[in-house]
A.B. asks: 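Starting off with a structure, shown below.
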Amino acid sequence: MTMSDIDVLYTAVATAENGRDGRVSSDDGKLDVVVNPPVSMGGSGAGTNPEQLFAAGYGACFQGALGVVARKEKADISGSTVTAAVSIGKTAEGGFGLEVEITASIPNVDAATARSLVEKAHQVCPYSNATRGNIKVSLAVA
C-alpha cells in the first residue's frame, strides 16, 4: 500500500531535533517530549525514546481497531486493554530492526472469541498494515 492508495483523513506532523538524544514535538504543540536513548543502549534514559512512542501509538491504534471489530461482531470489549511491546536490536546485516508483541486483555469474552477479535483487529489496524511483512509482530491474549 502506498500513500496514494488511501483517502487521507488526517496527517500527523512531528519534528525531531538531535535524533535519539534531543526532542520531538508535534506541529500543534500537543506533543513535546525529550527523547534519550535507554540506559541499556548507552543513554541516560532521562526522556522517552522512539520505541516507547511507537509502542504507545501502536497500542492505541490497535485498541481502536479492536473496537471497530468488536462493534461489527457485537462483542463486549469494555475493560479491555492492549499492550504493545516494541523491541529494538541489531540485525544480521549490521543495522537495527524492530519487533513488536501485541497483548490484548479482553475480560468479558471467552478465550477463543478474544483470539478471534485480536486476529481480526490485526487485519484492520493501520499500524499492523504498515508493519506487515516488514517486522515481526506477534499477537497474544492475556
A.B. asks: So how far is it from Ile77 CD1 to Thr113 OG1, rounded to the nearest 0.5 Å?
C.D. replies: 13.0 Å
A.B. asks: If hydrophobic clusters are built by linking Ile, Leu, Val, Met, Phe, Trp and Tyr wherever their side-chain heavy atoms come under 4.5 Å apart, do Leu53 and Ile102 end up in the same one?
C.D. replies: no
A.B. asks: With hydrophobic residues grouped by side-chain heavy-atom distances under 4.5 Å, do Val100 and Met41 end up in a single group?
C.D. replies: yes
A.B. asks: Keeping Thr131 on the side-chain end and Ile135 on the backbone end, is there a donor-acceptor pair under 3.5 Å?
C.D. replies: no
A.B. asks: Testing the basics here: between Val141 and Ala114, what is the closest heavy-atom pair and its distance to 0.1 Å?
C.D. replies: CG1-CB, 3.6 Å
A.B. asks: Report yes or no: does Ser26 contribute a side-chain atom to a donor-acceptor pair with the main-chain N or O of Val13 at less than 3.5 Å?
C.D. replies: no
A.B. asks: Please confirm whether the backbone N or O of Ala85 pairs with a side-chain atom of Glu101, one donor and one acceptor, at under 3.5 Å?
C.D. replies: no
A.B. asks: Show your reasoning for whether side chain to side chain donor-acceptor pair (under 3.5 Å) applies to Ser78 and Asn108.
C.D. replies: CA-CA 7 Å; Ser78 59; Asn108 295 324; 2.9 Å; yes
A.B. asks: Using modelled atom types only, decide if a donor and an acceptor are shared between the side chain of Arg115 and the backbone of Leu139 within a distance under 3.5 Å.
C.D. replies: yes
A.B. asks: Given the rule in the side-chain contact (heavy atoms from CB on, under 4.5 Å) test, do Leu98 and Val86 qualify, once you have shown the distances and angles that lead to the verdict?
C.D. replies: CA-CA 7 Å; Leu98 300 174; Val86 175; 4.1 Å; yes
A.B. asks: Among all residues two or more places apart in sequence or in another chain, which pass the ring-ring contact (aromatic ring centres under 6.0 Å, His included) test with Phe62?
C.D. replies: none
A.B. asks: State, to 0.1 Å, how close Ala70 and Leu117 come at their nearest heavy-atom pair, and which atoms those are.
C.D. replies: CA-CD2, 4.2 Å
A.B. asks: Donor-acceptor pair, Asn36 side chain versus Gly47 backbone, under 3.5 Å?
C.D. replies: yes
A.B. asks: Any idea which heavy atoms bring Val118 and Leu66 closest together, and the distance?
C.D. replies: N-CD1, 4.2 Å
A.B. asks: Just so I know, are the side chains of Lys72 and Lys120 near enough to count as touching, which here means a heavy-atom distance under 4.5 Å?
C.D. replies: no
A.B. asks: Judged by atom type as modelled, is there a donor-acceptor pair below 3.5 Å linking the side chain of Arg132 to the main-chain atoms of Val137?
C.D. replies: no
A.B. asks: Quick one, Val69 with Val124, criterion side-chain contact (heavy atoms from CB on, under 4.5 Å). Give me CA distance, side-chain angles, the key distance, then yes/no.
C.D. replies: CA-CA 8 Å; Val69 169; Val124 172; 3.9 Å; yes
A.B. asks: Do Val8 and Tyr127 land in one hydrophobic cluster if side-chain heavy atoms of ILVMFWY residues count as linked below 4.5 Å?
C.D. replies: no
A.B. asks: When you measure from the side chain of Glu119 to the backbone N and O of Ser116, does any donor-acceptor pair fall under 3.5 Å?
C.D. replies: no
A.B. asks: Has the side chain of Asn49 got a donor or acceptor atom that lies under 3.5 Å from a matching backbone atom of Gly45?
C.D. replies: no
A.B. asks: How far apart are the closest heavy atoms of Asp32 and Arg23, and which atoms are they?
C.D. replies: OD1-NE, 2.6 Å
A.B. asks: For a quick test of reading the model, state the closest non-hydrogen atom pair linking Pro126 to Cys61 and the distance between them.
C.D. replies: CD-SG, 3.3 Å
A.B. asks: Same cluster or not: are Phe54 and Val35 linked, directly or through other Ile, Leu, Val, Met, Phe, Trp or Tyr residues, by side-chain heavy atoms under 4.5 angstrom apart?
C.D. replies: no
A.B. asks: Do you see a donor-acceptor pair shorter than 3.5 Å between the side chains of Ser80 and Gln63?
C.D. replies: yes
A.B. asks: So, for His122 and Ser128, which heavy atoms are closest and what is the spacing to 0.1 Å?
C.D. replies: ND1-OG, 2.8 Å
